[in-house]
Amino acid sequence: MPKWLDQLASDVRGKVSKAPLPDDVNPMLATLTDNHFSHPDWLFERKLDGERCLAFHDGTSTRLYSRKPKSLDATYPDIRDPLATHERSFVVDGEIVAFEGKTTSFSRLQKRMQIKNEAEARQSGIKVYYYVFDLLYLDGYDITALPLRERKRLLEESLRFEAPLRYTQHRNETGEDYLKEACQKGWEGLIAKDAQAGYRKGRSKKWLKFKCVNQQEMVVVGYTDPEGERTGFGALLLGFYEGKQLHYAGRVGTGFDERELKDLHERLRALEQDEPPVVDAAKAKSKGVHWVEPTLVAEIGFTEWTDDNRLRHPRYLGLRDDKSPKDVIKEEPGART
DNA sequence: TTCCGACAGTGGGGTCGCAAT
DNA sequence: ATTGCGACCCCACTATCGGAA
């Protein structure tokens, strides 16, 4: 019996069972919530903007998998190497990230993500880090039923966190204060985790996403045709003013219920015009696009502006009748909680 | 009976590779 | 040479249905 198992408190030792190294990939996923809280039984980790990765190590060789699951061995050999030097068997869960300065950059990671050749990956010049946040299996034992605190303690003790491997630190209890700090630092948000809970496959409420929200008004400059069973329209085309010029800012296609799809579509149809109201209409693909007179203002939630001046992860929150389109400009966050 | 979790379907930005234009 | 499209990454959200509470 391994030493760590012998040292486990008697009330949790029964939750550990001998098992062969698992090979199924089905990671635990967090649920998004606006209900931010602090609680002594919860811990809070930085939410990293990268690619999810599970690593399976049998004591000799290591396999990396994405969430899908697809093998990531050829993409991140520089992550696999340091894991493969360990003598113990384990399964860990974490996030692979790339940095742009001090903050993680998903767009930078994407260039690395596409590489499917080891040699090419190694000389890509895009340095990546593996932030490990959970341990599911150790030395021949399935430990997914152990409380998270125990799993994280064992994780920190059991792996050598050097070079691109990093242990994901957490803060206890104070979720709200930590989120405030996180947003000021320009992080994407936090993951709140029930410290007593076991590791479960799939979406769970034992893990919650606290995101730093961005939202602002955008001018509605057009809409697209619906597809499939969709009623009304597909997405709204959005814009903002820079001086007297209206610029295209991408689309939003979610957040509407059936009624809003129908009502908004009727209003938009009445505003339709041939000429695009934006100066950079070429950025919007023309297929199925209808331009409208820019008189409506919508409140949009999103995570960040992309390099191409579009909204990332946009969702429609409602119309703003109190705001004049001319006052809609690109607001640089200032992320709020 | 009501509520919740899982799933399907529709929508977004971005990257890359490859086929059609 | 340019454009379009699918496959993966990251997602948000609505509607529905069956089982848990």
Side-chain angles (χ1 to χ4, degrees), chain A residues 25-34 47-54 64-72 74-76 95-98 100 104-117 120-121 124 126 128 187-189 191 200-215 218 220 222-239 248-262 264-265 282-289 298-318:
Chain A
V25 181
N26 199 343
M28 187 158 174
L29 303 172
T31 305
L32 180 62
T33 180
D34 293 324
K47 184 177 190 309
L48 294 154
D49 194 14
E51 179 170 19
R52 190 72 176 271
C53 176
L54 275 80
L64 307 179
Y65 287 98
S66 75
R67 188 144 86 83
K68 269 300 180 186
K70 290 272 165 195
S71 171
L72 298 177
T75 307
Y76 304 110
E95 188 90 357
I96 292 175
V97 302
E100 185 88 66
T104 56
S105 167
F106 185 72
S107 62
R108 185 141 189 276
L109 181 68
Q110 267 183 305
K111 294 182 173 69
R112 174 67 183 268
M113 218 180 266
Q114 308 296 334
I115 301 174
K116 300 284 190 278
N117 173 286
E120 212 178 304
S124 66
I126 300 166
V128 290
W187 296 358
E188 201 189 355
I191 302 290
R200 232 191 71 203
K201 299 172 191 310
R203 193 78 56 188
S204 163
K205 292 208 166 145
K206 304 293 187 183
W207 288 10
L208 300 171
K209 274 186 259 191
F210 289 9
K211 294 188 81 166
C212 302
V213 296
N214 279 309
Q215 70 183 60
M218 303 293 302
V220 179
Y223 67 96
T224 59
D225 290 328
E227 289 193 3
E229 304 301 304
R230 178 86 157 204
T231 54
F233 60 92
L236 300 179
L237 279 69
L238 305 171
Y248 179 67
R251 311 169 172 201
V252 59
T254 191
F256 322 95
D257 59 24
E258 289 288 317
R259 179 184 202 88
E260 282 171 313
L261 283 169
K262 202 165 149 284
L264 253 179
H265 183 227
K283 285 169 77 178
K285 290 198 177 58
S286 58
K287 200 165 158 258
V289 164
E299 187 78 16
I300 306 295
F302 61 102
T303 52
E304 64 182 353
W305 287 93
T306 69
D307 292 342
D308 201 25
N309 256 347
R310 300 188 198 194
L311 304 175
R312 183 165 175 228
H313 304 156
R315 60 271 190 196
Y316 172 85
L317 301 174

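All values derive from a computational prediction rather than experimental measurement.
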Whole-Å distance between [N] [atom2] and [X] [atom1]?
| X | N | atom1 | atom2 | answer |
| --- | --- | --- | --- | --- |
| Met218(A) | dG12(B) | CE | C1' | 13 Å |
| His313(A) | dC9(C) | NE2 | C1' | 9 Å |
| Lys285(A) | dG4(C) | NZ | C1' | 8 Å |
| Leu264(A) | dT14(C) | CG | P | 14 Å |
| Leu109(A) | dG13(B) | CG | C1' | 15 Å |
| Asp225(A) | dG11(B) | CG | P | 10 Å |
| Glu260(A) | dG11(B) | CD | C1' | 14 Å |
| Ile191(A) | dC10(C) | CD1 | P | 13 Å |

Problem set entry | Heavy-atom side-chain proximity of Phe210(A) to Lys47(A) below 4.5 angstrom | no
Exercise. Ser107(A) versus Thr306(A): any side-chain heavy-atom pair under 4.5 Å?
Worked result: no
Closest approach of [X] and [Y], non-hydrogen atoms and distance?
| X | Y | answer |
| --- | --- | --- |
| Gly239(A) | Met218(A) | O-CE, 3.5 Å |
| Thr75(A) | Ala121(A) | O-CB, 3.3 Å |
| Lys209(A) | Ile191(A) | CG-CD1, 3.7 Å |

If the cut-off is 4.0 Å, is [X] near the phosphate of [N], judged by side-chain N/O to OP1 or OP2?
| X | N | answer |
| --- | --- | --- |
| Ser107(A) | dG13(B) | no |
| Arg312(A) | dG12(B) | no |
| Lys116(A) | dA7(C) | no |
| Lys68(A) | dC8(C) | no |
| Thr306(A) | dG14(B) | yes |

Let's see if you can work this out: which of [options] has an atom nearest to the side-chain heavy atoms of [X]?
| X | options | value |
| --- | --- | --- |
| Asp257(A) | dC10(C), dC16(B), dA15(C) | dA15(C) |
| Ala235(A) | dC10(C), dT10(B), dG12(B) | dG12(B) |
| Lys70(A) | dC11(C), dC8(C), dT15(B) | dC8(C) |
| Arg200(A) | dA6(B), dG13(B), dC9(C) | dA6(B) |
| Arg315(A) | dG14(B), dC13(C), dC9(C) | dC13(C) |
| Gln114(A) | dC8(C), dA15(C), dA12(C) | dC8(C) |

Determine the contact category for [X]: base if any of its heavy atoms lies under 4.0 Å from a base atom, sugar-phosphate if only primed atoms, P, OP1 or OP2 are that close, otherwise nothing.
| X | result |
| --- | --- |
| Lys283(A) | nothing |
| Leu311(A) | sugar-phosphate |
| Asp49(A) | nothing |
| Gly301(A) | nothing |
| Lys209(A) | sugar-phosphate |
| Lys205(A) | sugar-phosphate |
| Leu32(A) | sugar-phosphate |
| Ser66(A) | sugar-phosphate |
| Phe256(A) | sugar-phosphate |

For this session: Classify the side-chain pair Thr231(A)/Glu258(A) by whether it contains a donor and acceptor separated by less than 3.5 Å.
Result: yes
For this session: Return yes if the base of dG14(B) and the side-chain atoms of Gln110(A) contain a donor-acceptor N/O pair under 3.5 Å, otherwise no.
Result: yes
Exercise. Hey, is the main chain of Leu238(A) close enough, under 3.5 Å, to the side chain of Arg251(A) for a donor-acceptor pair?
Worked result: no
Problem set entry | Base paired to dC18(B) (Watson-Crick or G-U; both N/O distances under 3.5 angstrom) | dG4(C)
Problem set entry | Salt bridge flag under 4.0 Å for residues Arg259(A) and Asp257(A) | no
Problem set entry | Along DNA chain B (nearest heavy atom to each residue), the more 5'-positioned of Glu120(A) and Arg203(A) | Arg203(A)
For this session: Using heavy atoms to find the nearest nucleotide of DNA chain B for Glu227(A) and Lys111(A) separately, return the residue whose nucleotide is more 5′.
Result: Glu227(A)
Exercise. Which sits closer to the 5' end of DNA chain C, Gly253(A) or Glu258(A), going by the nucleotide each is nearest to?
Worked result: Gly253(A)
Problem set entry | Upstream residue (5' side of DNA chain C) when Leu317(A) and Arg52(A) are each assigned their closest nucleotide | Arg52(A)
